[in-house]
Each structure stands twice: as C-alpha cells, then as structure tokens.
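This report concerns only the one structure given below.
Sequence positions, counted from 1, serve as the residue numbers for this chain.
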Amino acid sequence: MNIFITGLLIFIVVYLILNWFAKTSSQKISRTARNLILIISLILAVIMLIGGRLLVSLPLFFLAMSALKIKGLTAFQIWNLWRVLNYLRSTGRFSYFGQTSQTRPSSNISLDEAYKILGIKKGCSKNEVIKACNTLQKKLHPDMNPNSNTEHLSKIINEAKETILKSDFT
C-alpha cells in the first residue's frame with residue numbers, strides 16, 4: 001500500500017511540474033532555475049559554514065566571484081584561482097579581508113610558488129610563461145574589471161612572472 005501511495009505522489013508531482021513547464025514561458029523557467037541555484041548554493045554555503053570545514057570557502061568563493069563580475073572566467077579557472085588563493089592565504093601572502101593574522105613573509109615569491117600561481121610546469125619556455133601571465137592578467141587586471149578589487153591578485157601574478165623570468169631565463 002505504501003508503494004502505491006508513494007508512486008501516486010511521485011506521479012502527481014511530476015504531472016504538476018510538467019504542466020507548469022508547458023504553461024510557463026522559457027524566460028520565467030530560466031529565471032526560476034537561476035534563483036533556485038542561487039538559493040541552493042547559499043543554503044549549502046551556510047551549512048558548510050556551520051560545519052566549519054575547509055570546503056566552506058568554495059561556495060562562498062563562487063558567489064563572491066559572481067558578485068565581483070570578473071569577465072571570462074570558466075568554472076575550471078575559478079577552481080584554480082580558488083586553489084591559488086588558499087595556497088597564498090596559508091602561506092600568509094593573501095587575506096580575504098586585507099589583513100592576515102600571520103606574520104607576512106618577504107614580498108618575494110619563491111620559484112615553486114610562482115609556477116603554481118601561473119599554473120605552468122618547470123622547464124617551459126619564456127613565451128609560455130609570458131602567455132600564462134597575459135592570460136591571467138586579461139581576466140584579472142583591474143582595468144578589465146573596474147568594479148572588482150583585483151589589484152592585489154594582479155600584483156601577485158606580475159611578481160610570479162618576474163620571479164620565473166629572473167631565475168630561469170637570465
């Protein structure tokens with residue numbers, strides 16, 4: 001009997017959803033889907049914030065990136081940027097709020113850090129280093145994104161490029 005009632009409830013819910021899709025315009029459907037995704041990610045972020053896990057910063061980071069209106073970033077590039085920011089934050093070189101509780105090390109970036117920041121491997125050519133830097137700068141430079149605060153990230157990218165060029169190509 002319970003299986004029959006459950007099946008009937010599922011049938012009714014599916015019928016109502018399909019009926020709504022048939023009668024509603026595509027703009028309203030897309031708006032509803034967008035709002036639903038935003039609400040689910042906010043709920044997920046709050047749940048993870050309460051849980052205190054490392055992953056708490058990922059949904060909040062995705063929401064912050066969309067709020068910053070950085071143009072041209074794919075989800076994979078946002079993921080890589082999140083990894084770089086967490087790495088820089090753990091080494092004391094970057095703070096989400098402009099301050100850090102750790103003592104700030106020297107402003108020079110190590111060679112390994114520079115390669116991680118630019119997302120390239122050791123042994124690449126000078127042109128590949130410059131191309132990786134230019135690709136990141138096109139997306140993060142403050143002139144390309146006047147509504148966002150990416151000056152610090154832009155400086156870090158330039159410092160990483162200069163570190164690699166000075167140590168490997170001089």
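The distance from atom OH of Tyr115 to atom OG of Ser167, rounded to the nearest 0.5 Å, is 6.0 Å. Distance check, rounded to the nearest 0.5 Å: CD1 of Ile29 to CG of Leu36 gives 13.0 Å. One distance of note links CG of Asn35 with CD1 of Ile40; it measures 11.0 Å at 0.5 Å rounding. Remark: Thr163 OG1 to Ile156 CD1 distance equals 11.5 Å, nearest 0.5 Å.
A search for side-chain contact (heavy atoms from CB on, under 4.5 Å) contacts involving Ile12 returns Leu8, Leu16, not counting sequence neighbours. Under the side-chain contact (heavy atoms from CB on, under 4.5 Å) criterion, Leu136 pairs with Leu118, Ile157, sequence neighbours left out. For the side-chain contact (heavy atoms from CB on, under 4.5 Å) test, residues two or more places apart in sequence or in another chain that qualify with Glu128 are Cys124, Ser125.
Contacts classified as side chain to side chain donor-acceptor pair (under 3.5 Å) and involving residues 9-24 (residues at least two apart or in different chains) are given here: Trp20-Thr24. Sequence neighbours left out, the pairs with a member in residues 117-126 that pass salt bridge (charged side-chain N to carboxylate O under 4.0 Å, His left out) are Asp112-Lys122.
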(request) Determine, stepwise, if the pair Asn158 / Ser154 fulfils side chain to side chain contact (heavy atoms under 4.5 Å, CB included). (result) CA-CA 6 Å; Asn158 280 332; Ser154 182; 4.3 Å; yes
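For the pair Glu162/Ile109, no side-chain contact is recorded, criterion being any heavy-atom separation below 4.5 Å from C-beta on. Annotation: side chain of Leu111 is in contact with side chain of Asp168 (closest heavy-atom distance under 4.5 Å).
By the criterion of side-chain heavy atoms lying less than 4.5 angstrom apart, applied directly or through intervening Ile, Leu, Val, Met, Phe, Trp or Tyr residues, Phe169 is grouped together with Ile120 in one hydrophobic cluster.
Between Ala114 and Ala160, the shortest heavy-atom contact is CB-O, 3.5 Å.
Hydrophobic side-chain contacts under 4.5 Å tie Leu18 into a cluster, directly or through other members, with Ile10, Val14.
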